[in-house]
Amino acid sequence: MRLEKCWFCSSTVYPGHGIQFVRNDAKIYDKLLLQIFRFCRSKCHKNFKMKRNPRKVKWTKAYRRVHGKDMTQDSTFEFERKRNRPERYDRNLAENVLKAIPKIEKIRVTREERHHKNRMKGKKRKIQKEATRELEQGISLVKAPLALQKDPSLTLPQKIKVSVSQQQSEDNNAMEE
């Protein structure tokens with residue numbers, strides 16, 4: 001079973017799925033050069049026909065790589081590429097590969113977590129800066145604690161007592177009927 005990659009979004013195209021687009025360019029005299037583009041779904045095919053650049057479309061893997069959202073260089077990706085190549089069957093090699101796959105997956109997960117942690121490092125500072133900016137703009141809305149101690153009328157009362165007279169309750173009953 002051969003798994004192809006989508007030309008536009010780089011996701012896997014399984015056999016019997018997706019769209020193939022063949023462009024033939026007659027650049028070398030009489031020989032035709034055939035370019036085969038494989039797409040995972042019509043969304044990718046339409047974006048390709050609209051001549052959109054995958055590096056500028058936010059949902060593609062190319063965009064994520066260019067903008068530092070995904071890991072680009074990692075040695076664990078090489079093992080996945082090697083696994084897809086057909087090789088002559090060797091029992092010992094197959095056994096070693098099956099033992100190595102969970103270890104490689106564990107390494108990949110830890111590296112992805114580290115990458116995500118490094119990416120989110122500046123996020124905390126950014127949130128703090130936004131909060132301080134908002135506080136500076138609305139400082140007039142915040143009252144000083146000393147002012148509250150001097151004049152307790154600025155604070156809201158803890159318990160509000162409401163007394164209802166008998167006349168008001170009779171009016172409410174009359175309205176309900």
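- Take E95 and apply the salt bridge (Lys or Arg N to Asp or Glu O under 4.0 Å) test, not counting sequence neighbours, and it matches K99.
- Partners of E130 by side chain to side chain contact (heavy atoms under 4.5 Å, CB included), not counting sequence neighbours, listed by chain and number: K126, R133.
- Of all the heavy atoms in L3 and P15, the pair that sits closest is CD2-CD, 4.0 Å.
- Every residue two or more places apart in sequence or in another chain that forms a side chain to side chain contact (heavy atoms under 4.5 Å, CB included) with A62 is listed here: P54, R55, T60.
- Here the side chains of H45 and R41 are not in contact, with every heavy-atom distance at 4.5 Å or above.
- Between V22 and Q35, the closest side-chain pair of non-hydrogen atoms is not below 4.5 Å.
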Walk me through it: do F48 and C9 pass the test side chain to side chain contact (heavy atoms under 4.5 Å, CB included)?
-> CA-CA 10 Å; F48 173 78; C9 70; over 6 Å; no
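- In this view, N118 and R114, K121 satisfy the side chain to side chain contact (heavy atoms under 4.5 Å, CB included) rule, not counting sequence neighbours.
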Step by step, work out the side chain to side chain contact (heavy atoms under 4.5 Å, CB included) result for I19 and S42.
-> CA-CA 7 Å; I19 302 164; S42 62; 4.1 Å; yes
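- Cluster membership for L93 and I101, using ILVMFWY side-chain heavy atoms within less than 4.5 angstrom, is shared.
- No side-chain heavy atom of K46 sits less than 4.5 Å from a side-chain heavy atom of F39.
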Evaluate the criterion side chain to side chain contact (heavy atoms under 4.5 Å, CB included) for residue pair E112 and H116; output intermediate values, then yes/no.
-> CA-CA 6 Å; E112 283 178 359; H116 183 73; over 6 Å; no
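- The ring-ring contact (aromatic ring centres under 6.0 Å, His included) search around Y63 returns H67, not counting sequence neighbours.
- From R38, atom CZ reaches atom SG of C6 across 11.0 Å, with rounding to the nearest 0.5 Å.
- One finds a salt bridge joining R2 and E4 here, because a Lys/Arg side-chain nitrogen approaches an Asp/Glu carboxylate oxygen to under 4.0 Å.
- Under the side chain to side chain contact (heavy atoms under 4.5 Å, CB included) criterion, R52 pairs with F8, N47, M50, V57, sequence neighbours left out.
- Using cut-offs of 30° and 60° on the angle between ring planes, the pair F37 and W7 is perpendicular.
- Annotation: the span from I127 atom CD1 to K123 atom NZ amounts to 5.5 Å, rounded to 0.5 Å.
- Considering every non-hydrogen atom in both K5 and S10, the closest pair reads CD-O, 3.6 Å.
- Listed here is the closest heavy atom pair of R119 and K69: NH1-O, 3.3 Å.
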